[in-house]
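The block underneath contains the structure these notes are about, expressed in structure tokens.
Since the structure is predicted, the reported quantities are computational estimates derived from the model, not experimental observations. Numbers for residues simply follow the sequence, beginning at 1.
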Amino acid sequence: MNETIRTNFSVRGFELNSLYAWDYDWIVRNLDFMESEGFNTLILHRNDFIDLIIYPGKYFGCSKNTYSSIFERYKECFRKLYKYTPTRRSSPYQRRAFFKRVLEQARRRNIDVYIENKELYFPDVILEFFPELIKDGKICANDPFWPEFTKVKFHEFFEEFPEVSGIITSPATGESRLSINSNRCTCDLCRNTPKSVWYEKILGAMYEEIHAAGKTLVVRDFVFDPSAHKDISEAMEKLPSDVIFSLKNTPHDYYPTFPENARIGNVGNHRQWIEFDSMGQYFGWGIGIADLLEDYRTRMVHALAKGVSGMLIRTDWESLDGHVTHKTPNKINLYSSVMLAKDPACPAQKIYDEFLSKEGWYEPTANEEERQVGLSWFKEIMSRTWDVTRHIPFVSCCVFSDSSLMPVSYDHAFWLSEEKNSLRDWDPSKKDALSPMKEYLEPALKEKDDAVSMAKDLENIGNRPCLGLKTEKVEWLRERLMIMSKYADLFKKAAQPILLARYVIETEEPRDSGYYEEKKTQLEKALSDLISLAPVLREFASTTDYRPHTIYTLLDPDRVECLYNDLKEKLHGYV
């Protein structure tokens with residue numbers, strides 16, 4: 001364990017994903033925000049970022065290992081590029097110009113830039129050049145070509161972009177184009193090579209070129225289960241001490257109902273960064289509003305005590321184009337994350353005031369007393385939002401959603417909660433949290449009733465008169481609270497019939513009891529409530545025009561009908 005006790009985070013990272021990593025205007029706007037608020041590290045996260053910005057020249061006929069620029073490579077291989085991959089011929093040097101400008105804008109603001117990806121990634125044409133990489137129809141993850149390819153592409157990247165501070169990578173998720181964690185090849189080499197060896201080779205190849213360029217390798221232990229945790233941990237522990245380890249604040253993924261990631265503070269003599277999500281991939285996308293100020297504070301204090309030196313905050317999600325924290329009330333999380341990173345004891349009142357001031361919420365003519373009234377109104381609402389949302393897409397702290405979307409079937413719901421995103425893997429006390437037993441069923445059902453009541457209470461607080469804040473801002477937040485109530489109602493009407501159906505179908509408790517019959521009756525009503533929601537949401541979609549569009553993604557009547565049809569089929573013969 002790193003014994004250094006810190007009082008704040010020296011690295012304060014701001015992560016852009018997906019299409020936003022290629023949006024110059026959006027990046028510059030965020031660089032301005034970062035400079036204003038005290039972020040000092042920009043992270044551009046695209047799995048294919050490097051592969052879209054270099055060729056690499058070696059595989060297209062370049063004769064040398066070192067070139068002064070991409071254009072020197074291009075003049076040697078443009079004919080082969082046009083022959084084999086015409087749509088990629090000019091795009092890398094176009095993106096080079098874009099990225100050079102981003103790096104210059106960051107330099108002016110004294111902001112470091114890192115590229116984040118999930119390795120291995122490669123262009124399709126590589127498989128055409130090297131067909132032997134495919135064995136029995138599957139790409140072989142252990143072929144010795146891949147460490148060589150990795151070194152070639154990172155050598156070329158850093159030769160082209162020496163301004164980049166380093167690379168952040170996740171080799172263990174299975175979300176890359178090729179990873180040992182999702183390897184389907186069954187050749188002798190794959191059958192006989194431990195996963196930890198693959199991680200060592202790929203990370204070693206990356207480190208060799210990144211270190212030679214004088215840059216930093218940051219390895220994430222982003223995994224989906226404890227066994228993968230063990231494999232990547234074995235490889236990470238063998239890496240040189242100048243490699244930084246970056247850890248999600250909770251194990252597996254950004255689930256605020258989960259405990260702290262046990263790896264924090266247990267990485268040997270390596271610097272550590274800790275990662276947070278502000279938008280809410282798993283906690284409502286900001287549609288289910290989640291002000292995580294106090295959660296951040298608790299987890300940052302814990303991380304600092306474990307010697308963590310860097311904090312990263314994610315602002316969007318690569319699988320949800322067109323949606324960012326900034327479009328939702330969750331933007332408060334960007335302010336709280338950086339202010340707490342600089343001072344974990346920063347008062348909540350100061351953070352809310354900073355947000356209202358910088359985001360233009362205060363009425364210019366308001367006096368100090370009126371501003372304080374508006375601040376109190378805003379704080380009362382926002383500080384309670386996470387307590388509401390934690391009861392919406394979660395059930396008994398378990399992930400009961402598909403990245404905040406309601407499940408589409410009975411099997412889908414329990415695959416999400418007990419397999420893909422299992423809490424019991426990390427918290428044994430939750431082993432039976434969703435079991436079809438009365439002692440677990442009743443609290444889970446009540447939790448969904450409570451979520452609706454809590455969301456409605458918050459909506460009512462929002463409708464109280466408010467002084468000191470601009471009318472249009474207040475009305476916008478009131479709309480968000482109303483939509484949040486609809487989201488809570490959706491999850492109640494989706495989760496309750498799923499939980500009741502599991503009890504009716506799977507329980508080992510007496511079925512000749514009054515309680516079992518009571519649950520069957522309750523299930524029939526829950527199914528009726530579920531299907532009656534579909535036309536309500538359809539009318540909502542056809543008669544309103546709220547932004548962002550993702551409001552309607554979460555409140556999708558077709559998902560409701562899909563779940564209802566699945567439950568009716570699943571329950572044939574039971575109700």
Side-chain angles (χ1 to χ4, degrees), residues 47-48 50-51 56 58-59 117-155 167-212 217-243 245-248 251-253 261-263 266-268 270 415 419-422 425-426:
N47 290 343
D48 57 358
I50 294 171
D51 300 275
K58 175 178 179 177
Y59 303 109
N117 69 2
K118 299 181 179 73
E119 289 291 357
L120 288 165
Y121 242 81
F122 54 89
D124 292 336
V125 72
I126 291 296
L127 299 179
E128 184 176 346
F129 288 167
F130 302 97
E132 66 273 16
L133 294 170
I134 301 177
K135 300 172 183 178
D136 293 327
K138 302 175 182 66
I139 306 173
C140 176
N142 280 293
D143 192 284
F145 168 79
W146 294 117
E148 176 211 307
F149 170 80
T150 300
K151 287 194 282 189
V152 167
K153 83 171 185 178
F154 279 102
H155 175 84
I167 301 295
I168 304 171
T169 194
S170 306
T173 68
E175 294 181 357
S176 55
R177 288 204 69 181
L178 185 62
S179 170
I180 196 64
N181 206 40
S182 58
N183 184 37
R184 292 178 289 279
C185 181
T186 57
C187 72
D188 289 343
L189 185 59
C190 286
R191 284 199 305 269
N192 295 312
T193 303
K195 290 182 179 180
S196 58
V197 171
W198 184 88
Y199 293 130
E200 289 174 30
K201 289 181 178 179
I202 297 303
L203 290 173
M206 291 181 66
Y207 177 79
E208 182 177 330
E209 292 299 329
I210 293 169
H211 181 72
L217 172 61
V218 183
V219 180
R220 306 171 73 209
D221 74 338
F222 177 24
V223 297
F224 288 95
D225 58 69
S227 63
H229 230 251
K230 178 178 179 296
D231 293 326
I232 187 63
S233 296
E234 288 180 8
M236 289 171 72
E237 287 165 5
K238 296 178 182 178
L239 289 168
S241 60
D242 60 338
V243 175
F245 291 171
S246 190
L247 314 164
K248 292 196 175 188
H252 185 164
D253 222 321
N261 188 340
R263 285 274 288 158
N266 295 294
V267 296
H270 290 266
W415 173 73
E419 295 181 49
K420 180 180 180 294
N421 311 304
S422 175
D425 285 345
W426 314 100

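- Taking 4.5 Å as the limit, some side-chain heavy atom of T169 sits within range of a side-chain heavy atom of L217.
- The two residues E175 and Y121 come nearest to each other via the heavy atoms O-CE1, 4.4 Å.
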message = Using the rule given for side-chain contact (heavy atoms from CB on, under 4.5 Å), can you reason through I180 versus T193, listing the C-alpha separation, both sets of side-chain angles and the distance that settles it, and then say yes or no?
response = CA-CA 10 Å; I180 196 64; T193 303; over 6 Å; no
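- Considering only heavy atoms from C-beta on, N421 stays 4.5 Å or farther from D253 through its side chain.
- At a threshold of 4.5 Å between non-hydrogen side-chain atoms, the residues F130 and D143 do not count as touching.
- The main-chain N or O of K248 is found under 3.5 Å from a side-chain atom of N261 such that the two form a donor-acceptor pair.
- Side-chain contact between Y59 and V125 is absent, with no heavy-atom pair separated by less than 4.5 Å.
- Taking the charged nitrogens against the carboxylate oxygens, D124 and R177 do have a contact shorter than 4.0 Å, which makes a salt bridge.
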request  = Could you please spell out the steps behind the side-chain contact (heavy atoms from CB on, under 4.5 Å) verdict for W146 and I202?
outcome  = CA-CA 8 Å; W146 294 117; I202 297 303; 4.3 Å; yes
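- Between F122 and F149, the ring planes are perpendicular. Angles over 60° get that label, and only those under 30° would be called parallel.
- Listed for the S179 side chain is a donor-acceptor partner under 3.5 Å among the backbone atoms of N181.
- You'll find the side chain of C140 stays beyond 4.5 Å of the side chain of F145, heavy atoms only.
- Crowding of K201 atom NZ: a count of heavy atoms from other residues, nucleotides or ligands under 6.0 Å not exceeding 12.
- Counting heavy atoms from C-beta on, the side chains of W198 and L120 come closer than 4.5 Å.
- By the 6.0 Å contact criterion, CG on D136 is open, its count of non-hydrogen atoms from other residues, nucleotides or ligands being 12 or less.
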task = Would you sort out whether V243 and L203 count as a side-chain contact (heavy atoms from CB on, under 4.5 Å), showing the intermediate values?
result = CA-CA 10 Å; V243 175; L203 290 173; over 6 Å; no
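- Put simply, the side chain of N47 never gets that close to the backbone of S176: no donor and acceptor are under 3.5 Å apart.
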query = Between N183 and N142, is a side-chain contact (heavy atoms from CB on, under 4.5 Å) present by the stated rule, with each step listed?
reply = CA-CA 9 Å; N183 184 37; N142 280 293; 4.3 Å; yes
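- When the salt bridge (Lys or Arg N to Asp or Glu O under 4.0 Å) test is applied to D48, the partners found at least two apart in sequence or on another chain are R46.
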